[in-house]
Amino acid sequence: MGRRLIQMVAAVLILALFATVMQAIAERRDAAAYPPPGEHVELPDGRRLHLQIAGEQHDGPTVIFEAGAGAHSDLWAWIQPAVAEHATAVSYDRAGLGWSDRSDNGPGADAIVGDLRDALAARGLAGPYVLVGHSLGAHYVRAFADTHPEDVVGMVLVDPSHEDQSVITGAPKDMGMMFTVLRVAARLGIPRFYNPMVTDVHALPEPQRSRALSHLASTGTVRQFVAEMRAIDEIGAQLPTESGALGDLPLRILIATESANPGLQQVIAAWAELKKDMTVLSESGEAIVFDQANHQSIVTEEEHATSVAEVILDVLE
């Protein structure tokens, strides 16, 4: 029995090593197949952020897109081109995501806002800005507005994270274990064969869909997703939450009320009520409910994305 146990452990280790090597080979293959669609901008410390920029021929405010946890610039594939018909539109990849270099600074609000600010300056994209944030990206754009209010003239939060969502609705006690399992699974290449998040991007157009699927299977994406999710409550706790914190800034809160998982419908409904309360952040705040959209389809499905773009353009006006 002892010999058999040793043989079983050895077999598992050999399989794990083989899977890790195959994952590394697959990631190199993906890097060759999907080169950066945008451009790299060098930051003061030598790192590079990847930006996708469109509509530079337009005058007026620049629209900046901030994706959710673990997501990257291709998630705005439907929305950015529609906005770029009327304004300069910029999506980008946070450090460690998409085609941007990793950072040792962590996913805290100060680090992310500083990177974005430096990248925009290096590229010559001065304010004013209309900021658009989806999910966790809403935390980051709120932090940007708090740090640089003189440069922000409008804000659209697309089914945003709320600083109290885990307190009000509760969070699983085994999140730490789940995150560890996710990182191990990514190293073994398991997301290439089973990844529940792929449904989030299937509605994107090509080639963004294929690129997004590739990134969802990468160890770097999973690593950064875990880091951002671990930091989400800390980031939210640093945000101004009092009524009028954004003055009279034109603010739209877009709320998706459907759940991709029927078992979570009550949680989604509770979160929707929290998000409606976010309108008090601005004297010009307004909530808009998307009752046929869920947290991801609001940006990845063309019908919903077209409506989101229309709201952004209204704020731009």
Say whether, by atom type as modelled, one donor and one acceptor occur between the side chain of [X] and the main chain of [Y] under 3.5 angstrom.
| X | Y | result |
| --- | --- | --- |
| S297 | N294 | yes |
| R211 | G98 | no |
| S284 | D248 | yes |

What's the spacing between [X] [atom1] and [Y] [atom2] if we round to 0.5 Å?
| X | Y | atom1 | atom2 | result |
| --- | --- | --- | --- | --- |
| D74 | S91 | CG | OG | 7.5 Å |
| I53 | T88 | CD1 | OG1 | 9.0 Å |
| L97 | R223 | CG | CZ | 9.5 Å |
| T257 | I268 | OG1 | CD1 | 9.5 Å |
| D101 | R48 | CG | CZ | 5.0 Å |
| T147 | D110 | OG1 | CG | 6.5 Å |

Joint cluster assignment, [X] & [Y], ILVMFWY side-chain distance < 4.5 Å:
| X | Y | value |
| --- | --- | --- |
| L116 | L136 | yes |
| V153 | L157 | no |
| I255 | L246 | yes |
| I312 | L131 | no |
| I253 | I64 | yes |

Measure across [X] and [Y] and return the closest heavy-atom pair with its distance rounded to 0.1 Å.
| X | Y | value |
| --- | --- | --- |
| E163 | G236 | CB-O, 3.5 Å |
| L213 | V201 | CD2-CG2, 3.5 Å |
| P107 | I235 | O-CD1, 3.4 Å |
| H139 | I232 | CD2-O, 3.7 Å |
| S103 | R47 | CB-NH1, 3.6 Å |
| Y34 | W99 | O-NE1, 3.0 Å |

Please examine the side chains of [Y] and [X], heavy atoms only from C-beta on, and report whether any two atoms are closer than 4.5 Å.
| X | Y | result |
| --- | --- | --- |
| V299 | W78 | no |
| D159 | K275 | yes |
| R123 | Y92 | no |
| T241 | R142 | yes |
| L274 | Q165 | yes |
| D93 | L49 | no |
| H134 | I298 | yes |
| Q292 | E301 | no |

E66, Q296, E228, H295 screened by side-chain hydrogen bond (donor to acceptor under 3.5 Å, both in side chains) with S135, the one that passes: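 With S135 as partner, side-chain hydrogen bond (donor to acceptor under 3.5 Å, both in side chains) holds for just one option, H295.
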Derivation and outcome, side-chain contact (heavy atoms from CB on, under 4.5 Å), residues V222 and F225: CA-CA 5 Å; V222 174; F225 168 76; 5.5 Å; no
Assess whether atom [atom1] of [X] is packed by more than 12 heavy atoms of other residues, nucleotides or ligands within 6.0 Å.
| X | atom1 | result |
| --- | --- | --- |
| E303 | CD | no |
| E234 | CD | no |
| Q266 | CD | no |

side-chain contact (heavy atoms from CB on, under 4.5 Å) evaluation trace for W76 with Q52: CA-CA 10 Å; W76 301 104; Q52 297 198 51; over 6 Å; no
side-chain contact (heavy atoms from CB on, under 4.5 Å) between L239 and D146, intermediate numbers included: CA-CA 8 Å; L239 299 172; D146 182 52; 6.0 Å; no
Lys/Arg-Asp/Glu bridge criterion (N-O < 4.0 Å) met for R252, D314: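 D314 and R252: not salt-bridged.
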Pair H148-V113, side-chain contact (heavy atoms from CB on, under 4.5 Å): steps then yes or no: CA-CA 9 Å; H148 307 287; V113 170; 4.0 Å; yes
Given H215, H40, H72, the one that forms ring pair (Phe, Tyr, Trp, His ring centres under 6.0 Å) with H50: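 Answer to the ring pair (Phe, Tyr, Trp, His ring centres under 6.0 Å) test with H50 among H215, H40, H72: H40.
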